[in-house]
Amino acid sequence: MGLLSLGTPLDWHESKKYNEHVRNNGITQLINIFKQHSNRDNDEFLWGDEVEYMLVDLDRQHHSAKLAIDKDYVLNDLNDETKSLLKARKYNVSFHPEYGRYMLEGTPLRPYNGEKLEDYIYVEENMIKRRKLSSEELPSNVKPLTLTSFPRMGCPNFTSPQANPIGPASQSLFLPDEIINRHARFPTLTANIRKRKGHKVAINLPIYPDKNTKLLDDSIPHNRHLFKSDKEPFLGASKPGYVYMDSMGFGMGSSCLQITMQAKNIREARYLYDSLIPIAPIMLSLSAAAPIFKGYLVDQDVRWNVICGAVDDRTFIEKGEDPYRGYHLFGGLDIDGNKDLNINKHGVNEYGDLNDLYTKDGKPIQHIPKSRYGSVDNYLGDGEYDTKYFKEEYSDLNAPINKKVYDRLLNENSGLFDKYLATHFAHLFIRDPLVIFGERIHQDNKLSNDHFENIQSTNWQTIRFKPPALYEQTAANSEIDFTDKPGWRVEFRPMEIQITDFENAAYSTFMSLLSKAILRFKPNFYVPLSKVDLDMDLAHHLDSAIKEKFWFKSLDSWELDYHDFIGYDFSWFDRFLSEGNDTLSSKGAVYLNGYNSSSSLAGLNGEANIGGSQPYSMNGGTNGGMNGSMNGSMNGSIAKPTKGCTGKILEEINDVDDNGLDQRYTLNELINGGDGKFLGLIRIVIKFIATELIPPDCQHCQDVKCASNLVRLKYYLMLISQRASGEIPTAAHWIRNRVLNNPLYQHDSKVSDEINFQLINDIDRLTNLQDRDLVMDFFGETIGEYILGGNK
Ligand code: ADP
Ligand code: MG
Ligand code: MG
Ligand code: MG
C-alpha cells in the first residue's frame with residue numbers, strides 16, 4: 001500500500017461520474033511514464049519484502065485471543081518523528097497502513113542489494129527488528145503475529161474491545177466496521193465495492209468434512225433487519241455446505257508476504273514478470289497457511305480465492321449471472337438509455353464487450369470472467385529481451401480489454417508500447433476506480449501518477465508490473481538523475497505470510513534468488529495461462545504441496561543444459577565449506593546430484609529429502625493423526641521423484657499436454673528435481689549462489705561470517721525443499737492438525753474460542769521460538785535444531 005492521499009473520498013454514486021476522467025488521465029500519465037523511462041537502463045537489482053502483521057490481544061489468564069482494534073496508534077507513532085520514527089529509521093524499517101485496523105505492514109526502509117550475499121541473510125534480521133520494534137510499542141499482551149487468516153474472524157466477539165457487526169460501510173452480518181482502518185479511504189473502498197456491485201460480496205468456502213460436521217453454516221443471522229442486504233444469504237448469496245462470508249475484510253483483512261524486485265530495464269522486467277507467472281501457484285501451495293475461516297476448518301488451505309471474492313466488484317451482468325430476486329442486473333452502473341435488459345440478447349465481441357450496452361459515459365459494459373484480485377491475465381512478452389521464448393498462444397485467456405485504451409497506447413504512441421504491453425494495460429483499465437479523492441480529481445499529468453496508480457494498484461494480480469514514477473524534469477532537454485529513484489519493478493504477490501521470521505526470510509530470499517537465477521540462466525518457463533489458472537485452483541486444495549501435480553513447462557524444455565548444473569545440489573554447500581572440495585573431479589563423479597551412496601557425501605543429501613523419508617501425512621509420525629479423509633486421498637506415487645523425463649512414465653500418469661511441452665509435476669519434482677536431467681528450481685538457485693554470489697575474498701569461506709551466511713542460506717533452501725518433498729508440513733497442515741488433535745475438538749469442523757486461544761498461544765510461542773517441542777514439530781529435527789542452535 002503506498003502513501004495514503006489525504007482528502008475526501010467520494011461515494012460511488014458521486015465518484016462514478018469521474019471514471020472515464022480517471023482512466024483517460026491515468027493513461028496519459030502512463031504514456032508520460034513510458035516517455036520518461038522506456039530507455040532507462042542498468043538499474044541495480046534491488047529488492048524488498050512486505051510483511052503484514054495482525055495485532056492479537058492474547059489474554060493468557062482468561063484464555064482468549066482476539067484481534068486488537070484499538071492499537072492502531074502504533075502505526076502513527078512509528079511514523080512520527082517525535083515518537084518512534086527515528087528508532088524505525090535506525091533499524092532500517094518502515095511501517096505502513098493496511099486494510100485492517102488491527103494490521104500493520106512492515107518493510108525495510110531501504111531495499112536490499114541483490115548482488116550481496118549478506119543482504120539475503122540480513123532480510124531476517126530486518127524482519128526480527130520489525131517485530132521487535134512493533135512489540136515494544138504495544139502493551140505486552142498484544143502480539144504482532146504473522147497469521148494469514150485469523151481463525152475466528154467474523155465469529156461473535158472476536159475483537160478487543162468488542163464491537164458489533166452493524167456498520168454501514170460493509171453492512172456485514174459478521175464483521176464490524178471498527179475492524180477497518182480509520183483512514184476514510186478504507187471504509188469508502190469497502191462501501192464503493194458494494195455499491196458498484198449492487199449487492200454485498202459473497203464468498204463461499206467448502207466446510208472441511210469431519211465425522212460430526214453438519215455441512216451448514218449456522219452462524220448466519222436470520223432475523224436481522226438493519227439493511228436491505230441482510231436477506232442476501234437467503235436469496236442465493238450463501239451456498240449450503242459452505243462457510244458464507246459477506247465482506248471485504250475477510251479477504252483484505254488477511255495477511256500475505258510480497259517481494260518487489262527491480263530489473264535492469266523494462267525488457268528484463270518483462271521477462272522476469274512472465275517467468276514468475278507459472279511460479280505463483282507453486283509458491284502459493286508451498287506457503288499455504290490458511291485452513292480456518294470464520295471459526296470453521298475449511299476444505300482448502302489458502303486465502304487466495306477469499307480475497308478474490310472479497311474485493312469482487314463485478315455486477316451480475318458482468319459476471320454473467322442472474323440477479324437475486326429484486327436486485328438489479330447492472331448493480332450501481334449508470335446504464336445508457338433504456339436498453340433491452342435481456343442478457344441473452346447481447347452477444348460478446350472479441351474485446352469482451354456486451355454488444356450494444358454502455359454506461360452513460362460511453363464505456364462498453366463487458367463480460368468479465370475474473371475479479372480484480374486474481375491471477376495474471378496476459379504475458380508481457382520477452383520479444384525484446386535475449387530470450388524470445390514467448391508465443392502468442394501462451395496468453396490464451398482472451399481476457400477482456402478496454403479497446404479505447406488499447407488503441408490509444410498503440411496508435412498515439414508509435415513505438416512506446418507494443419501490442420502485448422498495450423493489451424496488459426488495456427486489460428487493467430477495464431476496471432473502474434474504486435476511490436477518488438475530491439481534491440485529487442485534477443492533476444498535472446506530467447508530474448503525477450495518481451490516476452494511473454488508482455487503477456493499477458486496485459488490480460491485485462499474482463504478479464504486478466510496477467513502472468517507475470514520473471519525476472520532474474527541470475529543463476526540457478535535461479537528463480534526470482535516476483539514482484535512488486525506483487525503476488522497472490516486478491512484484492511477486494501470491495505467497496501467504498509464514499508464522500516465523502525464519503520462514504518469511506527463507507521464502508523471500510528463495511524468491512529473490514530464484515529471480516536472480518532466472519535472469520542469469522534464462523530458463524523458458526512459458527506455459528499457457530489457462531494452465532496457470534488450473535494450477536491456482538490446485539494450489540487451494542488441502543495439502544496440495546504433496547498431493548497435487550502442477551502444470552509446468554516440461555522439465556526438458558527449460559532451455560537449460562543439465563550438464564551445467566551437475567553438482568549444484570545441497571551437497572555443494574558442504575563441499576564449498578570444506579576447503580578445497582568444491583570442484584568436480586570428473587563427469588559423473590561422487591558429487592553428481594549428491595546422490596551417490598558410495599560417496600562420503602551421500603548423507604548430506606538426505607537432509608534435502610530427495611527420495612528420502614516419506615511425506616508427513618504418510619508416516620503417521622509426530623505430524624500424524626490426520627483423519628481418514630486426508631489420508632484417503634493420498635496417492636503413494638505422488639511425492640516420489642520419477643526416474644527421469646521419459647515419455648513412457650509420463651504417458652502412464654497421463655499428465656502430458658498434447659504438445660508435449662507442458663506436463664504435470666509434483667512440487668517435489670519441480671523444486672527438488674530428480675536424478676540426471678531432471679533439474680529442479682533449487683539447483684538453479686544453488687548454482688547461482690555458487691557462481692555469482694560468493695564474494696571473491698570468500699574462498700572456501702575462511703571468513704566465518706560468510707560461512708555462517710552460506711549455512712543459513714542452505715537452511716532457507718532446505719525449508720522450501722522439505723516442504724516440497726513433504727518431510728515437513730506447510731503451516732496450513734500444521735495448524736489444521738493442531739485443531740484436529742486438540743482434545744477439545746468435537747470433530748465438527750468448528751474452532752471454538754478455547755481452541756482458538758490455544759492455537760494462537762502456540763503460534764505465539766512458535767513465533768518466538770520459545771518451545772522446543774513446537775519448533776521440532778513444525779520444522780522437523782534438522783531445521784529445528786539449526787534454528788534453536790543458530791538463532792541467538
Ligand atoms: P506496495 O505496497 O505498493 O507493493 P510498498 O512500498 O509497501 O509498495 O513496498 C514495496 C517494496 O519494494 C518494499 O519492500 C521496498 O523495500 C521495496 N523497494 C523499494 N524501492 C525499491 C526498488 N528501487 N527496487 C526494488 N524494490 C524496492
Ligand atoms: Mg500490504
Ligand atoms: Mg505495501
Ligand atoms: Mg506490495
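We count residues from 1, following the sequence as given. Counting convention: from 1, in listed order, for ligands and their atoms alike.
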| Side-chain donor-acceptor contact under 3.5 Å, Arg130 with Asn126 | yes

| task | Find, among atoms of Glu52 that are N, O or S, the one nearest to the Mg ion (ligand 2), and state its name. | result | OE2

| message | Among the N/O/S atoms of Glu105, which is closest to the Mg ion (ligand 2)? Give the atom name. | response | OE1

| task | Report the distance from atom CG of Leu175 to atom OG1 of Thr190, rounding to the nearest 0.5 Å. | result | 10.0 Å

| message | So, 2.8 Å as the limit: is an N/O/S atom of Gln258 located closer than that to the Mg ion (ligand 4)? | response | yes

| Does a side-chain N-to-carboxylate-O contact under 4.0 Å join Arg267 and Asp41? | yes

| field | Numbered atoms of ligand 1 (with element) below 4.0 Å of Asp49, judged on heavy atoms | value | 13 (C), 14 (O)

| field | Residue portion contacting ligand 1 (non-hydrogen atoms closer than 4.0 Å) for Asp43 | value | neither

| message | With rounding to the nearest 0.5 angstrom, report the OG to OH distance, Ser275 to Tyr385. | response | 8.5 Å

| query | What atoms of ligand 1 come within less than 4.0 Å of a heavy atom belonging to Gly48? | reply | 14 (O), 16 (O), 17 (C), 26 (N)

| task | Could you check whether the rings of Phe465 and Trp488 sit parallel, tilted or perpendicular, using 30° and 60° as the cut-offs? | result | parallel

| Residue Glu98 atom name (nearest to the Mg ion (ligand 2); N/O/S) | OE2

| query | Counting both backbone and side chain atoms, is some N or O of Glu50 under 3.5 Å from an N or O of ligand 1? | reply | yes

| query | Would you say Phe452 and Pro467 make side-chain contact, with heavy atoms under 4.5 Å? | reply | yes

| So which of His96, Glu491, Lys466 gets nearest to atom 8 (O) of ligand 1, if we judge by its closest heavy atom? | Lys466

| If you draw a 6.0 Å radius around CD in Glu44, do more than 12 non-hydrogen atoms from other residues or ligands fall strictly inside? | no

| ligand 1 to Arg489 polar contact by distance, N or O atoms, under 3.5 Å | no

| query | Given OE2 of Glu491 on one side and OE1 of Glu50 on the other, what angle do they make at the Mg ion (ligand 4), to 10°? | reply | 140°

| request: Answer yes or no for Glu105: is there a heavy-atom contact with ligand 1 below 4.0 Å? | output: yes

| Under the side-chain contact (heavy atoms from CB on, under 4.5 Å) test, residues paired with Asp177 that sit two or more places apart | Pro168, Ala169, Ser170, Ile180

